[in-house]
Each structure stands twice: as structure tokens, then as C-alpha cells.
There are 2 protein chains.
Amino acid sequence: MSSNLPSLRGLAALDALARHKRQGAAAEALGISRSALSHRIADLEAELGARLVTRSGRVSMLTDEGTALLAAMGDAIGRIEAAVAPLQRRLRQIRLSTVNTLAANWLLPRLPRFQRAHPDMEIAVLTTQRVADLDGEDVDCAIRNGMGDWPGMAARLLFRETLVPAAAPGLALGRPSGWPVIRARARFRDWPLWWQQAGQKREAPSGGMVVENRAQALEAALAGAGVVLTDARYLDTHLAAGRLRVLGPVIELDTGFHFVRSRAPRNPRNVEALARWLEEEGRSAPQAGWPPGASD
Amino acid sequence: MSSNLPSLRGLAALDALARHKRQGAAAEALGISRSALSHRIADLEAELGARLVTRSGRVSMLTDEGTALLAAMGDAIGRIEAAVAPLQRRLRQIRLSTVNTLAANWLLPRLPRFQRAHPDMEIAVLTTQRVADLDGEDVDCAIRNGMGDWPGMAARLLFRETLVPAAAPGLALGRPSGWPVIRARARFRDWPLWWQQAGQKREAPSGGMVVENRAQALEAALAGAGVVLTDARYLDTHLAAGRLRVLGPVIELDTGFHFVRSRAPRNPRNVEALARWLEEEGRSAPQAGWPPGASD
DNA sequence: CCGGACAGGTGAGAATTTCTCACCCATTTG
DNA sequence: CAAATGGGTGAGAAATTCTCACCTGTCCGG
């Protein structure tokens with residue numbers, strides 16, 4: 001049983017050469033240099049002590065022994081490739097868990113740029129309403145909203161949360177104290193916070209409509225139902241398209257969106273690349289020259 | 001097509017582990033250390049980005065992914081092993097071409113010792129009456145009889161040819177000039193040569209029986225048909241067994257047995273080992289304390 | 001409950017394999 | 001004949017793989 005396994009690379013080289021006839025083409029198919037393929041074949045021949053290919057004029061032909069060897073192997077190499085392929089595909093993928101609103105309004109619009117820069121990776125965005133507990137789920141990393149002080153995991157701040165009021169352009173509005181505010185049930189403290197920090201003199205408006213979460217709140221505002229208070233970054237595309245306008249100053253909260261990686265990501269290198277890119281995006285995006293269109 | 005092939009060693013390690021349940025046993029089956037196997041598994045897991053084995057208590061079990069991987073591979077590893085096996089067997093083998101007489105009387109009696117020292121090699125002795133032309137035949141090396149000046153090949157002298165007369169102990173003999181000599185047709189110059197160099201005063205005996213070759217001549221002498229003149233080294237076993245006795249001095253010729261290797265031996269390392277051993281044997285064997293039993 | 005035997009994991013460093021680069025040589029072809 | 005094409009080679013960098021020595025965790029008998 002203690003047989004000396006030959007080099008799989010060498011066998012693959014022989015196989016490719018048999019198919020493509022030329023070393024150049026075979027090498028390209030394997031993604032290695034012509035020289036490497038030549039070495040691989042030569043080493044295999046030395047390892048097995050037999051000539052496997054002959055060069056007759058322009059094309060490389062297999063010897064009888066080479067042909068017999070490949071025939072005896074059958075599609076063993078293909079089998080191995082196929083067996084490993086699903087795992088490798090999963091490896092190219094990065095599973096990123098995040099909340100709905102951030103995904104729809106900040107992440108997804110930017111992702112195509114990352115894809116273009118890293119065509120070898122594939123990002124699967126898993127939007128979960130509640131924050132996924134990282135090591136439980138099949139997830140490599142996540143963007144989480146909070147203070148960044150989660151025990152036992154290194155969180156990297158992407159950007160602080162902000163709050164800014166916005167409404168559809170067509171909506172007729174009076175004084176701020178009379179705004180028809182939209183509240184998200186999960187974020188009922190946002191309006192008082194903004195009201196206080198934005199230095200409004202009058203009382204905060206009470207009443208208004210209440211929806212389940214921020215995504216719905218944004219939808220409501222887009223539909224002209226009232227004034228939404230949400231993160232500045234969620235507004236980018238809507239402001240640019242003229243679907244919303246800004247109604248007051250941006251305030252910054254002490255919570256923020258953080259990048260966290262699971263304890264054992266499948267492919268740490270790729271996850272790291274994504275992390276760096278997200279950090280860059282988080283820094284570069286707004287702040288300077290914000291809000292984009294209006295100055296109201 | 002430019003798929004990243006996984007390490008065959010790693011897959012083999014996984015396969016062995018699945019069969020043997022314990023790393024120790026699996027490692028032994030593969031002929032590597034436990035540590036190496038552990039590394040191999042760990043690296044494979046990193047390479048594929050998935051846990052493939054779990055250790056539950058004493059035994060290592062494959063995870064679902066590990067099982068699936070092996071199942072998908074089928075017997076690919078076995079196929080590769082089997083495909084390569086015949087070539088590797090041929091590689092362990094050294095084909096040595098030599099003449100009949102030397103093989104029977106000098107080489108074959110010594111070979112078992114070499115085999116014991118190198119159990120990983122296998123020597124195929126091809127006895128050919130005529131000298132094989134090396135590069136034509138499927139032979140790695142040869143022992144040739146001559147002056148050692150063959151053009152284009154490096155000959156390594158094993159020992160000079162010698163000539164010594166011998167006969168069966170029971171044979172009644174008179175003076176040398178009356179010996180019933182046995183002549184090999186291919187070596188009709190031997191008797192005059194010995195007669196002259198051994199300083200015999202009388203005439204060389206004429207007549208006697210003539211056989212085809214030296215092997216037959218030796219056979220004839222063993223059968224008590226007369227006095228054979230042959231190489232001292234061919235007599236070793238027969239003298240020791242008392243089947244022949246020496247009748248005169250040993251003379252040394254200017255021809256000798258040489259080791260020559262074919263232009264491209266399958267396994268140069270093994271051939272070199274054989275060459276060294278043969279040289280050693282050629283030097284060490286007789287000379288000192290020869291002839292073994294008699295002093296006649 | 002402790003200590004030894006057993007099984008596996010780890011880090012360092014040596015050995016081996018694999019790759020690319022920069023050349024070379026041979027054959028074909030314009 | 002010269003350029004183009006295809007293959008081979010040696011050196012050196014990079015990676016893979018191995019062993020060794022040592023660690024950790026589990027199991028079992030006293």
C-alpha cells in the first residue's frame with residue numbers, strides 16, 4: 001500500500017499535452033508557463049523511468065507508454081477535479097451577513113465595483129433582519145451595527161451611524177415641529193435624539209406613522225407619507241435621483257457599522273481584501289460635499 | 001480548465017484516514033510520519049476551506065463534506081496508482097545483460113547478497129550468448145568481455161580474465177602434455193596462451209574434445225571428460241564443493257569483464273549502486289588465498 | 001482523582017517540488 | 001537565409017512536504 005504516488009501535476013501535464021498536441025497550448029490550458037510544463041513532463045518521465053512523449057516535427061506525440069498510461073488512468077484527474085470543484089467554488093465565495101437596509105441602500109450599489117476589481121471572488125450577501133450570530137451560521141463575515149464592543153471579536157469600524165431627516169420633494173411641509181414624522185418601531189429613540197442634537201427649539205413632533213423597521217420607513221417616505229429619519233448613506237441614490245430631499249442637519253451617533261469576521265473564515269485572504277475595501281468605501285463616501293444635491 | 005488541482009498527497013491522506021480511522025495507522029499505510037499526515041489533512045482542509053475530519057474521542061471521523069469528497073472521487077487515486085504501477089515496477093528493475101557463463105558461475109551465486117542489501121531493487125539478468133548491443137535492446141546495463149575500449153561508452157573494469165586448468169577430482173591424469181584437454185570453439189586460443197605463459201616445457205597437447213562454448217566446456221569437465229581451461233572465478237563454487245580441482249597456475253589475460261551502462265538507463269541511481277557493488281565484488285573475491293581449497 | 005499510555009496538533013527547519021525567467025537549440029516557413 | 005514557432009535547460013525563488021521535538025487532550029487502571 002505504500003506506493004509512491006506520482007505527481008498529479010505531472011500527470012495533468014501529460015493529459016493536457018495529449019489533448020492539445022502542443023506544449024504551449026497545454027501549458028496555457030493549465031495556467032502555467034511553457035517552461036513549467038516542459039519541466040513537469042521531463043520530471044514525470046524521470047520519475048517513471050520511461051519516455052512518454054516524442055517530438056516529431058512540430059507536434060508532440062505520446063509514446064505507446066504515454067498513451068497506455070493515460071488510458072489506464074481513465075478520467076481519474078477529471079474525477080478529482082469534479083470532486084473538488086464544489087468545495088473550491090464555495091471557497092471563492094465570501095458570505096457576508098448584514099441587515100436589509102444597509103444591503104439595499106449602501107452595500108449592493110457599491111458591490112459591482114468590487115466584483116470588477118476582484119473577478120476571482122464571489123460575494124454572497126445574506127440579509128438577515130436580526131444580526132446573525134457569526135459562528136453559528138455558515139457565514140464568513142458580517143457588517144454589524146453597534147458600538148463595536150462585542151466580546152471576543154475584533155470589530156473594524158466602517159463608519160459611524162448618522163441621522164438626517166428627508167422626505168419626498170412633493171410633500172408640503174410646515175415648520176419642523178409640525179412634520180409628519182415616520183417612526184421605525186425598532187428605532188423609536190432616533191427622533192428624540194436628532195431633535196435634541198440638531199438644536200431644534202420647539203418640541204419634537206409626536207404622533208406620525210409607525211412602521212416595523214427602517215426599510216419600511218424609507219419606503220413610506222419615498223411614497224410621500226412623511227419625513228423619515230435615517231442614515232445619510234442610505235439616501236445617496238434617492239437624493240441623486242431626486243426622489244427625496246434633505247430637510248435638516250446630519251447628526252452623528254456613537255454607534256456605527258462594523259466589519260466583523262467569523263472565527264474561521266473559509267478564505268482569510270479574500271475576507272481581508274473585502275474588509276479593506278469596505279473600510280475604504282466607508283471612509284471615502286460621503287462627508288465631503290454632503291448632501292450631494294441640495295443645501296436646504 | 002485552469003482549475004487548481006488539489007494536492008494528491010492530501011487526498012490520499014484523507015482516503016487512508018477514512019479507511020484506517022486512526023492517523024497513526026493511516027500514516028503507516030502511506031509510509032509517512034503521523035505528523036506528516038496531520039499536516040497533510042490540515043493543509044487540505046485549508047486548501048478547500050472546509051473541515052473534512054472531526055476527532056470524536058479516540059477515532060477520527062470524516063465530516064459529511066469529507067465523505068462526499070471521497071465518494072465523488074471514487075477510486076480515482078486507485079486508478080492512478082494502478083496506471084503507474086507497471087512503469088514503477090519496471091523502474092525498480094535493473095536489466096543486466098551478460099553472457100551465460102559469467103551469469104551462471106559468478107554473477108548468480110553472488111546476486112542474493114545484493115538483493116538482500118537492496119530489497120527495493122530487482123535485478124533481471126538477461127543472458128545472451130552474443131553481446132547485446134546496449135542501446136538497441138531494452139537493457140539498462142551489461143557486463144561485457146573485452147579490452148574495455150568500446151567507442152562511445154565508458155567501461156568500468158570489474159576484473160581481468162584469468163585462465164586456470166581444472167578437472168574433476170576422479171580423473172586420472174598423467175603429465176600436462178598428456179592432458180585430455182577440452183576446447184571451446186569460441187576460445188581456441190586459450191590453451192596455447194596458457195601453455196606459453198604458464199611456462200610449460202613440453203609441447204601443448206593437441207587433440208582433445210571440442211565443444212561449442214565455455215559453459216559446455218565446464219559441463220564436460222564436471223562430467224569428468226577432461227581438463228578445462230577457464231576463468232578462475234568460474235570455479236569458485238565447484239572447487240568449494242569438491243567437484244573440480246586446480247591443475248596449474250592462474251594466468252591473467254589483458255582482456256577483462258567490464259561493466260557498461262546503456263546511454264539512458266531507467267533508474268541511474270540504482271544502476272550506479274549495482275555498478276559499485278559489482279566493482280567491489282570483482283576486486284574482493286579471489287586473488288587473496290586463491291585457489292580456495294587445493295595448492296596443487 | 002492521579003498518572004501513564006495513547007491519539008492528535010504544532011512550529012521549526014530541512015528536503016523536495018514546482019514555478020518562472022532568461023536563455024538556448026531545432027525545425028519550419030516566408 | 002532570417003524570422004517565427006516550438007521545445008529544452010539551468011538558476012534561483014517560492015511552495016509544498018516531510019521529520020523531529022514537543023505540546024495538548026482523552027481514556028483507563030490503580
Side-chain angles (χ1 to χ4, degrees), chain A residues 2-49 51-63 66 77 80 84 263-264 267-269, chain B residues 2-49 51-63 66 77 80 84 263-264 267-269:
Chain A
S2 124
S3 60
N4 275 357
L5 281 173
S7 150
L8 188 55
R9 311 294 180 120
L11 294 174
L14 186 68
D15 181 64
L17 183 57
R19 252 201 286 285
H20 294 86
K21 306 291 189 224
R22 300 218 159 70
Q23 286 199 356
E28 194 180 6
L30 293 176
I32 62 179
S33 66
R34 253 182 308 138
S35 169
L37 189 117
S38 177
H39 278 298
R40 222 73 341 279
I41 298 285
D43 288 357
L44 185 66
E45 287 188 329
E47 194 179 341
L48 298 181
R51 307 203 37 105
L52 299 173
V53 308
T54 48
R55 179 158 57 108
S56 72
R58 287 284 217 185
V59 296
S60 296
M61 292 289 291
L62 294 203
T63 63
I77 294 179
I80 292 177
V84 157
R263 207 159 321 267
N267 188 331
R269 283 227 321 254
Chain B
S2 126
S3 60
N4 276 356
L5 281 172
S7 150
L8 189 54
R9 310 293 180 123
L11 294 174
L14 187 68
D15 181 64
L17 183 57
R19 253 200 287 284
H20 295 84
K21 305 290 188 226
R22 300 222 158 69
Q23 287 199 355
E28 195 180 6
L30 293 175
I32 62 179
S33 65
R34 254 181 309 138
S35 169
L37 188 115
S38 177
H39 277 299
R40 221 76 339 281
I41 297 283
D43 288 357
L44 185 66
E45 288 188 329
E47 194 178 341
L48 298 181
R51 306 202 39 104
L52 299 173
V53 308
T54 48
R55 179 157 57 106
S56 71
R58 287 284 216 184
V59 296
S60 298
M61 291 290 290
L62 295 204
T63 63
I77 293 179
I80 291 177
V84 156
R263 205 157 325 262
N267 189 331
R269 282 228 321 253

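None of these values were measured; they are calculated from a predicted model. Every chain is numbered from 1, with letters handed out A, B, ... down the list of sequences.
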Testing the basics here: between Ser33(A) and Ala27(A), what is the closest heavy-atom pair and its distance to 0.1 Å?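 Closest approach of Ser33(A) to Ala27(A), heavy atoms only: O-CB, 3.6 Å.
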Look at the side-chain N and O atoms of [X] and state whether any lies under 4.0 Å from the OP1 or OP2 oxygen of [N].
X: Arg34(A); N: dG7(D); answer: no
X: Ser38(A); N: dT9(D); answer: no
X: Gln23(B); N: dG9(C); answer: yes

Go through the steps for Val53(A) and Glu45(A) under the test side chain to side chain contact (heavy atoms under 4.5 Å, CB included), then give the verdict. CA-CA 9 Å; Val53(A) 308; Glu45(A) 287 188 329; 4.0 Å; yes
So how far is it from [X] [atom1] to [Y] [atom2], rounded to the nearest 0.5 Å?
X: Leu11(B); Y: Arg40(B); atom1: CG; atom2: CZ; answer: 11.0 Å
X: Leu30(A); Y: Arg9(A); atom1: CG; atom2: CZ; answer: 9.5 Å
X: Leu14(A); Y: Ile77(A); atom1: CG; atom2: CD1; answer: 8.0 Å
X: Gln23(A); Y: Lys21(A); atom1: CD; atom2: NZ; answer: 13.5 Å
X: Leu37(A); Y: His20(A); atom1: CG; atom2: NE2; answer: 10.5 Å

Distance in angstrom units between [X] [atom1] and [N] [atom2], rounded:
X: Arg22(B); N: dG25(D); atom1: CZ; atom2: P; value: 20 Å
X: Leu30(A); N: dT20(C); atom1: CG; atom2: C1'; value: 15 Å
X: His20(A); N: dG7(D); atom1: NE2; atom2: P; value: 13 Å
X: Leu5(B); N: dA15(D); atom1: CG; atom2: C1'; value: 16 Å
X: Arg51(A); N: dG7(D); atom1: CZ; atom2: C1'; value: 12 Å
X: Leu44(A); N: dG8(D); atom1: CG; atom2: P; value: 14 Å

Checking side-chain contact (heavy atoms from CB on, under 4.5 Å) between Leu52(A) and each of Leu44(A), Ile41(A), Leu17(A), Leu62(A), which is the one that passes?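 Among Leu44(A), Ile41(A), Leu17(A), Leu62(A), the one that satisfies the side-chain contact (heavy atoms from CB on, under 4.5 Å) with Leu52(A) is Leu44(A).
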Between the two ends of the helix from dC1(C)-dG30(D) to dG30(C)-dC1(D), what is the bend in degrees, rounded to 10 degrees, where each end axis spans five pairs?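 The end axes of the helix from dC1(C)-dG30(D) to dG30(C)-dC1(D) are about 20° apart, to the nearest 10°.
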Reading nucleotides 11-19 of chain C from the 5' end, what letters show protein touch, with B for base, S for backbone sugar-phosphate only, - for no heavy atom under 4.0 Å? BB-----SS
Ile80(A) side chain reached by Leu8(B) side chain, heavy atoms, under 4.5 Å: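 When only atoms from C-beta onward are counted, Ile80(A) and Leu8(B) do touch, with a gap below 4.5 Å.
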